[in-house]
Number of protein chains: 2
Amino acid sequence: MSSFLDILDLDTNPTTEVLALKQKISLKSIKKGRILQRGGDMVSKIYYVKKGLLRSYTIDKKGKEHIFMFAPEDWIIADGADFSSPCQLFIDVLEDSEIEIVDKKLFEEVYISLTLNSDTQRTAAMIKRISVLQERVIMLMSASAIERYEHFTTTYPQIMQRVPQRMIASYLGITPEALSKVKSEQNKGK
Amino acid sequence: MSSFLDILDLDTNPTTEVLALKQKISLKSIKKGRILQRGGDMVSKIYYVKKGLLRSYTIDKKGKEHIFMFAPEDWIIADGADFSSPCQLFIDVLEDSEIEIVDKKLFEEVYISLTLNSDTQRTAAMIKRISVLQERVIMLMSASAIERYEHFTTTYPQIMQRVPQRMIASYLGITPEALSKVKSEQNKGK
DNA sequence: TGAATTTCTTAATCTAGATTAATGCACAGC
DNA sequence: GCTGTGCATTAATCTAGATTAAGAAATTCA
């Protein structure tokens, strides 16, 4: 996967719109712990992770965090809400990161006018994300905590190494205590 | 939203590829109860519902159904799996329906070469679906059964009227008995 | 280095929702 | 008009995972 700027750079004869968009893409180095947006904000940015690790999550009315996704190198992360609605997700930085940030609406407008090639790539990425979300919904509805954990470890082994277990529990939709418990039960069974 | 053929018909000067694709889109009337594809099959079709109601679901290892989505008039329904993998979802017909069916791979290849306008429409539809799935995942992780039920009734009031309650329970990720219970508790509270 | 903060684990108790079972209803097909 | 099949509801019991609490290990940072 290529970053926003990488893709725009493929356009050897850019229009003024494309040049203007390139100006508006900011490349930033951000320290671990920084919160990029909060649920309820009226921001609508898309983040491309060049290096490091981001995550998105909600906070429910009891104050409990629920992690929606992790975004390591070469992933795009954003809230699904459209431009005109407040966003639902918090997005923060789990490791010192380098990211490209662009306004969602601006991006949509320009990107779609680009060459076939980059649009194919983007369409494929969206289809892939829909497929991953389908899998996630089905796992949440039909699999037990331990099954979801095993699915996660085989699907995202690299992320396992990089985030505390309580965040994996949060992604799986269970408490850290419950994850500890089911893991120890799993080990006993061996 | 327009059907596959509606969109292809906008192309007033179609290429041979587009004409070939139009030939391969089948328009069918299908009776309630018919199963269009089964989980594990190597089919990869996309269905556009012109009239009627379809649904997709998985069956877990205990034989229990989990409804992934309902597709009433003007919705597109398909499995997220890519061309080369077996699909995960069953798709069946809940009301006598008229649908357009097209092969996913064929569709991808040709559609992407179309005019800006139809592609914008398609991109917007994909973004919308991602947003709906984000909401679904967050509801499953953070909301109680009754909260998910209330969210469903306000989001899809028309579907409420058209499917048995046990299917709504299945969509919400709970048993029909549990839905009955939480509904009666809700009524007592009033 | 040492203190403070997170993280992980274990254990006891609690609860939302699952399971099982029984009853009454609606309506589809003969 | 019956009879069977699917649907909704209620109630009793069970269980996966939540909650609460406490202690040990690991990490962070001054």
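All chains are named by letter (A, B, ...) in the order of the sequence lines, taking the proteins before the strands, and each is independently numbered beginning at 1. Computed from heavy atoms alone, side chains included, the values below leave out hydrogens, waters and symmetry copies.
For B:K64, a side-chain nitrogen or oxygen approaches OP1 or OP2 of C:dT19 to under 4.0 Å. Phosphate proximity of C:dT6 to A:Q165: absent, as no side-chain N or O sits under 4.0 Å from OP1 or OP2.
Distances were taken from every side-chain heavy atom of B:P164 (C-beta onward) to each of D:dA8, C:dA18, D:dG17; the shortest belongs to D:dA8. Between C:dG17, D:dG17, D:dA18, one nucleotide has an atom nearer to the side chain of A:T175 than all others, and that is D:dA18. The nucleotide whose nearest atom lies closest to any side-chain atom of A:I174 is, among C:dG17, D:dT28, D:dA18, D:dA18. Distances from the side chain of A:E177 to the nucleotides D:dG17, C:dT20, D:dT20 place D:dT20 closest. You'll find that the side chain of A:S180 is closest to C:dT10, out of D:dA8, D:dT19, C:dT10. Residue B:R166 places its side chain closer to D:dC7 than to any other of D:dC7, C:dT10, D:dT19. The A:V182 side chain lies nearest to D:dG17 when the options are C:dT19, D:dT19, D:dG17.
Side-chain polar atoms of B:S170 and B:E65 form no donor-acceptor pair below 3.5 angstrom.
Residues A:F68 and A:Y57 place their aromatic rings such that the two centres sit no closer than 6.0 Å.
Between the CZ atom of A:R162 and the P atom of D:dT27 there is a distance of 17 Å, rounded to whole Å. Atom CD of A:E185 and atom P of D:dT15 are 13 Å apart (whole Å). Rounded to an integer number of Å, the gap from B:I168 CD1 to D:dA8 P is 9 Å. Regarding B:Q186, its CD atom lies at a distance of 13 Å from the P atom of C:dG17, rounded to whole Å. Taking atom CD1 of residue A:I146 and atom P of nucleotide D:dA16, one finds them 13 Å apart after rounding to whole Å.
Using a 4.0 Å heavy-atom criterion, one finds that A:G173 contacts the sugar-phosphate atoms exclusively.
Note on A:D96 versus A:K32: no salt bridge recorded, every NZ/NE/NH1/NH2 to OD/OE distance being 4.0 Å or above. Residues B:K50 and B:E73 are not paired through a salt bridge, judged by the lack of any N-O separation under 4.0 Å between the basic side chain and the carboxylate.
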